[in-house]
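Some notes on the structure that comes next.
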Amino acid sequence: SYLNLCRKWTVLSTRVQIEGVSAFYNETGCNINSILEYIKQHAQITDVVEANQVVTAIEFSTNGSFSLYYANGDIDKSTWQWVDQKKGSFSYKWDFSDMGYSFVNGQASVVLKAAGKESQLKLAGTVKDNKGENKPITITVNMK
């Protein structure tokens with residue numbers, strides 16, 4: 001049940017896919033800096049991110065808030081709501097300007113597996129490539 005989304009998830013690995021780019025980016029954990037570096041190599045973005053922003057856990061609550069937990073002890077909080085609970089799709093927004101990444105558009109979906117198995121959080125977005133064309137991007141976070 002998608003009601004099981006509401007808990008704290010440990011981030012295991014991250015995969016980034018940009019439409020039209022044959023290479024995928026995979027890493028253990030979720031280091032926002034290395035993800036941005038990969039995206040910058042394949043598209044032009046201008047976001048500046050603080051050093052050492054490594055996401056270790058994501059928590060969704062039933063009251064519509066979610067939190068990102070970082071390895072350095074920082075926590076960012078924002079809001080989310082279901083778009084289609086049966087399909088596992090939801091929307092979210094960043095409440096803080098310093099959390100803005102140009103390639104994340106606030107749409108996501110989740111595939112929840114039985115307890116003990118890896119579940120997936122998929123963030124959808126768009127980047128502009130070096131020709132100025134929009135390319136869909138998907139960031140998949142495996143979590144348990």
Roughly how far, to the nearest 0.5 Å, is the NZ atom of Lys8 from the CE atom of Met143?
13.5 Å
How long is the straight-line distance from CZ of Phe66 back to CG of Leu5, given to the nearest 0.5 Å?
11.0 Å
Does any part of the side chain of Thr140, heavy atoms only, come nearer than 4.5 Å to the side chain of Phe24, both counted from C-beta?
no
Contact check, side chains of Ile35 and Glu27, non-hydrogen atoms, under 4.5 Å:
yes
side-chain hydrogen bond (donor to acceptor under 3.5 Å, both in side chains) between Asn134 and Thr126: does it pass, once the steps are laid out?
CA-CA 6 Å; Asn134 286 326; Thr126 306; 5.9 Å; no
CD (Gln53) and SG (Cys30) are apart, to the nearest 0.5 Å, by 10.5 Å
ILVMFWY network linking Tyr92 to Leu112, side-chain heavy atoms under 4.5 angstrom:
yes
Spell out, as yes or no, whether a donor-acceptor pair under 3.5 Å connects the side chain of Trp80 to the backbone of Ser65.
yes
Side chains of Phe60 and Val110: does their closest heavy-atom pair fall under 4.5 Å?
no
Could you verify whether a donor N or O on one side chain and an acceptor N or O on the other, from Lys122 and Ser109, lie under 3.5 Å apart?
no
Grouping I, L, V, M, F, W and Y whenever their side-chain heavy atoms are under 4.5 Å apart, do Val54 and Leu12 come out in a common cluster?
no
Considering only Ile, Leu, Val, Met, Phe, Trp and Tyr, and joining two whenever side-chain heavy atoms are under 4.5 Å apart, list the other residues clustered with Ile75.
Tyr69
May I ask you to test the Asp76-Tyr70 pair for a side-chain heavy-atom distance under 4.5 Å?
yes
Is there side-chain contact between Ser91 and Gln81, with at least one heavy-atom pair below 4.5 Å?
yes
Please examine the side chains of Tyr38 and Val21, heavy atoms only from C-beta on, and report whether any two atoms are closer than 4.5 Å.
yes
Do Gln107 and Ser89 have side-chain atoms, one donor and one acceptor, less than 3.5 Å apart?
no
Please walk me through it: do Val16 and Ile137 pass side-chain contact (heavy atoms from CB on, under 4.5 Å)?
CA-CA 7 Å; Val16 180; Ile137 184 172; 3.9 Å; yes
Report the distance from atom NZ of Lys144 to atom CH2 of Trp9, rounding to the nearest 0.5 Å.
11.0 Å
Are any of the side-chain heavy atoms of Val111 and Ser119 separated by less than 4.5 Å?
no
Contact between Ile58 and Leu121 at the side-chain level, heavy atoms closer than 4.5 Å - yes or no?
yes
To the nearest 0.5 Å, tell me how far Ser34 OG sits from Ile39 CD1.
10.0 Å
Under 3.5 Å, is there a donor-acceptor pair linking the side chains of Tyr25 and Thr14?
no
The reported gap from CD in Glu118 to CD in Gln120 (rounded to nearest 0.5 angstrom) is 7.5 Å
